[in-house]
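A short write-up of the structure that comes next.
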Number of protein chains: 2
Amino acid sequence: MRGEALKGHLDGMLLAALAAGPAHGYLVIESLREASGGDFDLPEGTVYPALHRLEQAGLIRSRWARVSGRRRRIYALTAKGRRELDERRGEWRRFAGAMEAVLEVGR
Amino acid sequence: MRGEALKGHLDGMLLAALAAGPAHGYLVIESLREASGGDFDLPEGTVYPALHRLEQAGLIRSRWARVSGRRRRIYALTAKGRRELDERRGEWRRFAGAMEAVLEVGR
DNA sequence: GCGCATACCTCGGAACACTAGGCCAACCCG
DNA sequence: CGGGTTGGCCTAGTGTTCCGAGGTATGCGC
């Protein structure tokens, strides 16, 4: 999967992953890889800055936890984040529909 | 439609538009707007540089034409461009499928 | 002659994803 | 008990990409 493809859709994916329940960064990466059947294997350098951005925007909230000695930052959706996710899902539908139509043009 | 969404998929759209037959930049913009039901309304500052990039990459070819006094640069797909379009369509399928699955995670 | 649509172009900025690094603790294996 | 692997976090810098703003020029209707 060429990386450039997901540009602009990363935030929605992250929000969706967190909608399933609170999780830390590493786990988010894993659950996205699994949910996508291995197609999305996001590098940490992509995910961590994005999570910080989402927190900055008030869409997610974090707290530190210590699990068997290891420190983790657990992220959870805020109410605002949940609304944003709905927004993103709708937008994806429109985008995908338009894209679908456009790709059929020359066929 | 938030603009950022189309990142990474622009080239595929342009190739698809040209797969319907040779066209000049302005017309490409219009046909994409029409095909997408108005969802894609690409600014010229996006499209022209992209077309130049695609030509540079050998995916499209251009020739100048003069139609009722106005000069136009007519673009056409090359064989390589056609193969690339197939590639992109396949990639879109995979990407959209994965995205679909991921967005359902927290539902 | 003026404004509008057609048609091309470029330059700079901002956002974004990723590469490449670095840090530290726990666990497993020989 | 030493070393590698896994888990887990982070940031600085780089390249790409899209877009907004601005510029040029022609033809057409009024």
Side-chain angles (χ1 to χ4, degrees), chain A residues 1-15 17 22-34 36 39-57 59-60 62-75 88 95 98-99, chain B residues 1-15 17 22-34 36 39-57 59-60 62-75 88 91 95 98-99 102:
Chain A
M1 170 81 48
R2 282 173 48 257
E4 312 92 75
L6 60 78
K7 289 188 186 177
H9 305 284
L10 177 60
D11 293 5
M13 299 177 27
L14 296 177
L15 294 175
H24 60 287
Y26 217 76
L27 183 59
V28 166
I29 292 177
E30 272 185 353
S31 69
L32 288 179
R33 179 172 43 229
E34 197 169 336
S36 68
D39 281 338
F40 295 148
D41 192 6
L42 307 180
E44 301 176 21
T46 293
V47 170
Y48 288 117
L51 287 173
H52 299 162
R53 210 173 52 226
L54 292 177
E55 182 163 30
Q56 203 66 26
L59 304 176
I60 61 181
S62 76
R63 59 179 176 83
W64 281 103
R66 182 161 284 273
V67 177
S68 68
R70 290 202 189 80
R71 78 199 229 283
R72 285 179 179 172
R73 191 195 279 259
I74 310 282
Y75 291 95
R88 295 302 184 116
F95 174 71
M99 194 66 191
Chain B
M1 170 83 47
R2 284 175 44 258
E4 313 94 73
L6 62 77
K7 290 186 186 179
H9 305 284
L10 177 60
D11 292 6
M13 300 177 25
L14 296 178
L15 293 174
H24 60 287
Y26 216 75
L27 182 59
V28 166
I29 291 177
E30 273 184 351
S31 69
L32 287 180
R33 180 172 43 232
E34 197 169 334
S36 69
D39 282 336
F40 294 147
D41 193 6
L42 307 180
E44 299 177 23
T46 293
V47 171
Y48 287 117
L51 288 173
H52 298 161
R53 211 174 50 226
L54 292 178
E55 182 162 29
Q56 203 66 28
L59 304 176
I60 61 180
S62 77
R63 62 180 173 81
W64 282 102
R66 183 160 283 273
V67 177
S68 70
R70 289 203 189 79
R71 77 200 230 282
R72 286 179 178 171
R73 190 195 279 259
I74 310 283
Y75 290 96
R88 296 298 185 119
E91 196 170 298
F95 173 71
M99 194 68 190
V102 161

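A note on names: the letters A, B, ... follow the listed sequences, proteins ahead of strands, and every chain is numbered from 1.
For the residue pair B/R73 and B/S62, the shortest heavy atom distance occurs at NH1-OG, 2.9 Å. Closest of all the heavy-atom pairs between B/L51 and B/G25 is CD1-CA, 3.9 Å. Residues B/L42 and B/I29 share a closest heavy-atom pair of O-CG2, 3.6 Å.
When rounded to the nearest whole Å, the span between CD1 of B/I29 and C1' of C/dA5 equals 14 Å. Atom CG in A/L51 sits about 15 Å away from atom C1' in C/dC18, given to the nearest Å. Counting to the nearest Å, the C1' atom of D/dC9 and the CZ atom of A/R73 are 9 Å from each other. Atom CG of A/L54 is separated from atom P of C/dA15 by 15 Å (rounded to the nearest Å). Taking atom CG on B/L27 and atom P on C/dA5, their separation rounds to 18 Å, with Å as the unit. For B/R66 and D/dG27, the CZ to P distance is 7 Å, given to the nearest whole Å. A straight line from CD of B/E30 to P of C/dT6 spans 6 Å, rounded to a whole angstrom. A straight line from CZ of B/F40 to P of D/dC19 spans 10 Å, rounded to a whole angstrom.
One finds a side-chain N or O of B/H52 lying less than 4.0 angstrom from the OP1 or OP2 phosphate oxygen of C/dT10. At least one side-chain nitrogen or oxygen of B/R53 sits closer than 4.0 Å to the OP1 or OP2 atom of D/dC18. The phosphate of D/dG7 has neither OP1 nor OP2 within less than 4.0 Å of any side-chain N or O from A/R71.
Note on B/L42: nothing from the nucleic acid sits closer than 4.0 angstrom, heavy atoms only. Within the 4.0 angstrom heavy-atom criterion, base atoms lie near B/G45.
A residue-by-residue look at B/D11 and A/R70 shows that A/R70 has its nearest nucleotide of DNA chain D further toward the 5' end.
Annotation: side chain of A/F40 is not in contact with side chain of A/R33 (no heavy-atom distance under 4.5 Å).
When distances are taken from the side chain of B/Y48 to each of C/dT6, C/dC8, C/dT10, the shortest belongs to C/dC8. Picking from D/dC9, C/dA26, C/dC8 the nucleotide with the shortest atom distance to the side chain of B/R72 gives C/dC8. Candidate nucleotides C/dC8, C/dA7, C/dT10 were compared by shortest atom distance to the side chain of B/W64, and C/dC8 ranks first. Taking every side-chain heavy atom of B/P43 into account, D/dG20 is the closest of D/dG20, C/dT6, C/dC9. Taking the side chain of A/T46 as heavy atoms from C-beta on, and the options C/dC8, C/dA17, D/dG7, the nearest nucleotide is C/dA17.
Judged by distance alone, with hydrogens and angles left aside, B/E44 brings no side-chain donor or acceptor close enough to the base of D/dC19 to form a pair under 3.5 Å.
Ring orientation note: the planes of A/H9 and A/F95 are tilted relative to one another, at an angle of 30° to 60°.
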